[in-house]
Number of protein chains: 2
Amino acid sequence: MATPEGQARNKEVFRTAAQLMVRQGYGGTSISDISKAVGMTKAGLYHHIRSKQDMLFQILQHALDGLERVVIEPAKRLEDPEERLRETIRLNVRGIIDHGPEFTLLFPERHHLDPAQQEVVATRIQNYRTFVRDALREMANQGKLRDLDIYIAQRHLLQTIVGIARWYTEGSVDDENHLVQQTVDYHMSAILKR
Amino acid sequence: MATPEGQARNKEVFRTAAQLMVRQGYGGTSISDISKAVGMTKAGLYHHIRSKQDMLFQILQHALDGLERVVIEPAKRLEDPEERLRETIRLNVRGIIDHGPEFTLLFPERHHLDPAQQEVVATRIQNYRTFVRDALREMANQGKLRDLDIYIAQRHLLQTIVGIARWYTEGSVDDENHLVQQTVDYHMSAILKR
C-alpha cells in the first residue's frame, strides 16, 4: 500500500503529466517529455507505468477516484434531492478549483485509450451523469422543477461545471466561494419551478 | 472571388480537415492525412494553404466568419436585449447543429497558432463574449435580471452552448428544435428575476 507521501507524490506526478498532455495534446507528448516534467528518469517512470497509454489511463482513473471521493460520496449521504444536487454542484466546482483543472481538461483525450480502458472510463462517467440525473428526477417527482427536459438539463449542468476548468484561472473571479455560489444559484434558478 | 461552388468546396475541405484535427489532435494530424481526407494531392492543398498552421488558422477564421454571419449579424438587429439574447442563444445552438460541431471543437487547438494569429482569434472570440455580456448588462439595467454576476453568467451561458458541440449527436435528443428551445429556456430561467 502506498504511504501518504507516496500518494501525494503520485498525485503530483499525475498532475504534472496531465498538464503537459493538456498543453501539448496526447499525441504531441512523449514519455521523455513526461519524465523530464515530473523529474524522473524514463526507467523510474516505467517502474510505475507500462506505457504512455497506461499513464493516461491511470491519470483518468485517479481523477475519477477523486470525483467519487470528493463529490459523490459526501453528496450521496444527503437524502433530499435538492440538497444533494446543490452539494454535488458545490463540491464539483470546488474540486476543480482545489485539485486542478488539468484533470478535467484531459478527459477529451480518452479516445486514445484501448477499447477496454475506454469502457471503464465511460462507465464511471456515465455513473456520475446518472447520479445527477437521479437527483433531477427525484426533484421532478416532488414537483419542484419547472417543465424541462431532464436529459438536456443534466448535460447543460455538467458542461457548465466542466467549462469552469476551461476558463477559470486564479484571479479571474473575485473569489472562489463566489464562483461556487454563483454556479449553484445559476443552475437552481434554471431548473426550479417559479 | 470564389464562386459559390468554390465556397461550398472550401467549406467541405475545412470541415473535413477540422473533423480530422479534432479526432487526432492537431499534433497527431499531418498535411498528408488532411490531403487524403479531403481528396486532394498535397500539391493541390498547398495551392490553398501555406502550412498546417495556416490551415488551422483559416479553419478558425472561417468558423468565426460563420459565427458573425449566422449569429451576431442577425441578432444585433434586435434592439431589445432580452430578445437579442434569446436569438443569440437560438442561432448559436442552431449554427452548431447545422454547420457541424467540429468547428467549435477545434478552438482549443488554437494555442498551436503563432502569436499574431492567436491574437486575431482571441480578439474575435472576445468580441462575441462582449456582445453577450452587453445584452446581459442592458437587461440588468432594465431591472430584468436576478442578482447575479454577469461575467460568470456569460461564461456559463457560452460554455453550455459550446458544450452542445461535445455531447450532441444526431438522435441524442428528440429533435433539434426541442434542444434549441430547452437551451434558451434553461438560460432565461437561470438569469431572469422571479
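When reading the values below, keep in mind they use all heavy atoms of this one structure, side chains included, and skip hydrogens, waters and symmetry mates. So you know, we letter chains A, B, ... as the sequences are listed, proteins then strands, and number each from 1.
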Worksheet entry | Structural part of B/I191 lying under 4.5 Å from a heavy atom of chain A | side chain
Worksheet item: Nearest heavy-atom pair of A/A190 and B/S189: which atoms, and what distance?
Response: O-CB, 3.5 Å
Worksheet item: Step by step, would you call A/R146 with B/D185 a side-chain contact (heavy atoms from CB on, under 4.5 Å)?
Response: CA-CA 10 Å; A/R146 65 178 182 81; B/D185 290 349; 4.0 Å; yes
Discussion item. Could you measure the distance from the NE2 atom of A/H111 to the CZ atom of B/R23? Nearest 0.5 Å is fine.
Written reply: 9.0 Å
Discussion item. Can you tell me which of A/E109, A/M188, A/H187 forms the most heavy-atom pairs within a distance under 4.5 Å of chain B?
Written reply: A/H187
Worksheet item: Hey, any chance B/V162 and B/L60 share a hydrophobic cluster, counting ILVMFWY side chains that come within less than 4.5 Å of each other, even indirectly?
Response: no
Worksheet item: If you round to the nearest 0.5 Å, how far is NE2 of B/H156 from NE2 of A/H156?
Response: 13.5 Å
Worksheet item: Would a hydrophobic clustering, with Ile, Leu, Val, Met, Phe, Trp and Tyr connected at side-chain separations under 4.5 Å, put A/V184 with A/L136?
Response: yes
Worksheet item: Considering all heavy atoms of both residues, which atom of B/G163 and which atom of A/Q159 are nearest to each other, and what is their separation?
Response: CA-OE1, 3.4 Å
Worksheet item: chain A heavy atoms under 4.5 Å from B/T29: which part of the residue, side chain, backbone, both or neither?
Response: neither
Item to complete: Examine whether an atom of A/L158 lies under 4.5 Å from a heavy atom of chain B, and if so say whether it belongs to the side chain, the backbone or both; otherwise answer neither.
Response: neither
Discussion item. Given B/I152, which partner from the list A/W167, A/Y186, A/Y168 fulfils the side chain to side chain contact (heavy atoms under 4.5 Å, CB included) test?
Written reply: A/W167
Worksheet item: Where is the tightest heavy-atom contact between B/L192 and A/R194, given as atom of each residue plus distance?
Response: O-NH2, 3.3 Å
Discussion item. More than 12 heavy atoms of other residues, nucleotides or ligands under 6.0 Å from NZ of B/K36: yes or no?
Written reply: no
Worksheet entry | Cluster overlap A/I72 with A/L78, hydrophobic side-chain contacts below 4.5 Å | no
Worksheet item: Could you state the interatomic distance from CG (A/D147) to CD (B/Q182), rounded to the nearest 0.5 Å?
Response: 7.5 Å
Discussion item. With a 4.5 angstrom heavy-atom cut-off, is it the side chain or the backbone of B/I161 that approaches chain A, or both, or neither?
Written reply: neither
Worksheet item: Do you know which of A/G28, A/A153, A/P108 has the most heavy-atom pairs with chain B at a distance under 4.5 angstrom?
Response: A/A153
